[in-house]
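Below is one structure, written out as structure tokens; comments come after it.
Just so you know, these numbers use all the heavy atoms, side chains as well, and skip hydrogens, waters and symmetry mates.
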There are 2 protein chains.
Amino acid sequence: MAKLEYSLDQIDLQILRIMQDNARTNNADIARELGMAPSAILERVKKLEQKDVILQYNARINPAALDQKMLSFIFIKTQDIIGVQKVGLLLAEIPDVLEVHDIAGEDGYLIKVRTNDSAGLVDLMRNTLSKVEGIISTRTTIVLETVKEDNKLVIPTKE
Amino acid sequence: MAKLEYSLDQIDLQILRIMQDNARTNNADIARELGMAPSAILERVKKLEQKDVILQYNARINPAALDQKMLSFIFIKTQDIIGVQKVGLLLAEIPDVLEVHDIAGEDGYLIKVRTNDSAGLVDLMRNTLSKVEGIISTRTTIVLETVKEDNKLVIPTKE
DNA sequence: GGTGAAAAACGGGCGTG
DNA sequence: CACGCCCGTTTTTCACC
């Protein structure tokens with residue numbers, strides 16, 4: 001994972017705000033919007049990438065277009081010793097598992113899973129999750145409809 | 001939200017695979033990789049955007065860089081009538097709320113929240129959530145550590 | 001500011017319904 | 001014929017040094 005703090009000034013924050021909204025925005029466009037030279041922006045963006053402030057540029061794809069209609073959250077209770085994420089790492093390798101969080105309390109992990117339909121979910125639990133060593137039990141929450149899922153961070157105006 | 005199905009061929013899927021991994025990949029690079037002319041790729045990408053297959057291009061920003069160390073999931077029990085997302089829409093307007101899911105069962109909603117620290121979480125619950133009409137109760141799950149959070153969909157090889 | 005490269009916009013060819 | 005898909009070409013714009 002990413003290391004430490006990196007001091008961001010007001011301009012960096014503005015760049016992040018633009019890039020978070022549209023990762024394909026030109027250097028030139030950013031420069032125009034901020035009233036700076038394109039080269040200066042380029043330099044800053046490269047540094048933000050290099051310092052792991054910008055982790056990646058992703059295209060967010062419509063799950064419906066890929067026929068992935070089903071979204072679920074599964075709480076997973078494990079035998080993992082605290083601080084050792086054996087099960088967590090195994091869960092992270094499963095493609096349909098989009099997120100894996102180590103959570104407080106006895107549950108162990110909370111994972112976010114996308115499948116084609118309910119049959120796909122059953123399939124995942126029967127054929128994949130059941131083969132992961134160290135899982136004691138699971139509790140599944142089905143999502144009926146997603147109201148918001150942009151995962152955009154709040155970028156402060158003043159730091 | 002996005003409408004309906006759109007027939008994707010093998011080339012579209014390859015483009016999506018590339019774009020999901022790196023949204024800033026050149027048309028020229030994609031063209032080279034797929035052995036096609038850049039203009040053909042451009043045409044397809046535009047169509048994928050227009051058809052809402054590609055929803056957005058996001059820069060994924062390191063939460064630690066913005067000092068957002070705290071991640072939580074909150075189950076929210078509401079008085080919402082089934083199918084009417086009054087509370088859900090209100091929750092979606094809160095900036096720190098990254099995701100809002102209407103879930104099956106009596107809970108109502110599951111939301112994903114990022115705050116600076118535990119004080120920020122308390123603050124959100126006391127000052128913002130408490131002011132949302134229709135919330136009966138909440139149950140909060142704290143994330144100790146995130147193992148995976150790329151939200152990348154599984155793109156099929158054959159459809 | 002300059003150079004090489006890529007994006008955007010246009011037209012044309014080709015196969016299919 | 002009309003349509004969808006792909007390919008050149010040209011012009012404009014951008015990335016990078």
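Remark: P of dC5(D) and CD1 of I11(B) are 10 Å apart, rounded to the nearest angstrom. Here the P atom of nucleotide dC6(D) and the CD atom of E43(B) are 7 Å apart, to the nearest Å. In this entry the distance linking CG of L34(B) with C1' of dC5(D) reads 15 Å, nearest Å.
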Within the sub-3.5 Å range, which N or O atoms of nucleotides 14-17 of chain C have a protein N or O partner, and how far apart are they?
none

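Partners of Q20(A) under the side-chain hydrogen bond (donor to acceptor under 3.5 Å, both in side chains) rule, at least two apart in sequence or in another chain, do not exist in this structure. Legend: residues meeting side-chain hydrogen bond (donor to acceptor under 3.5 Å, both in side chains) with R17(B), ordered by chain and number and at least two apart, are absent. Evaluation of the ring pair (Phe, Tyr, Trp, His ring centres under 6.0 Å) rule for Y57(B) yields no partner, not counting sequence neighbours. Not counting sequence neighbours, D96(A) has no partner by the side-chain hydrogen bond (donor to acceptor under 3.5 Å, both in side chains) test. With sequence neighbours excluded, the residues that form a side chain to side chain contact (heavy atoms under 4.5 Å, CB included) with K47(B) are Y6(B), K51(B). Residues satisfying the side-chain hydrogen bond (donor to acceptor under 3.5 Å, both in side chains) test with N26(A), not counting sequence neighbours, are none.
Sorted by first and then second residue, the salt bridge (Lys or Arg N to Asp or Glu O under 4.0 Å) pairs with a member in residues 31-43 of chain B read D29(B)-R32(B); sequence neighbours excluded. Sorted by first and then second residue, the ring-ring contact (aromatic ring centres under 6.0 Å, His included) pairs with a member in residues 77-114 of chain A read H101(A)-F73(B); sequence neighbours excluded. Counting only residues at least two apart or on different chains, the salt bridge (Lys or Arg N to Asp or Glu O under 4.0 Å) pairs with a member in residues 134-145 of chain A are D107(A)-R139(A).
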Each nucleotide of nucleotides 10-17 of chain D classed B (base within 4.0 Å of a protein heavy atom), S (only sugar-phosphate) or -, in 5' to 3' order, makes ----SSS-

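Counting only Watson-Crick and G-U wobble pairs whose two distances sit under 3.5 Å, DNA chain C takes part in these stems of three or more pairs: C:1-17 with D:1-17.
Side-chain nitrogen and oxygen atoms of R44(B) include none within less than 4.0 Å of the OP1 or OP2 phosphate oxygen of dG4(D).
Between the side chain of K148(A) and the main chain of E99(B), no donor-acceptor pair closer than 3.5 Å is present.
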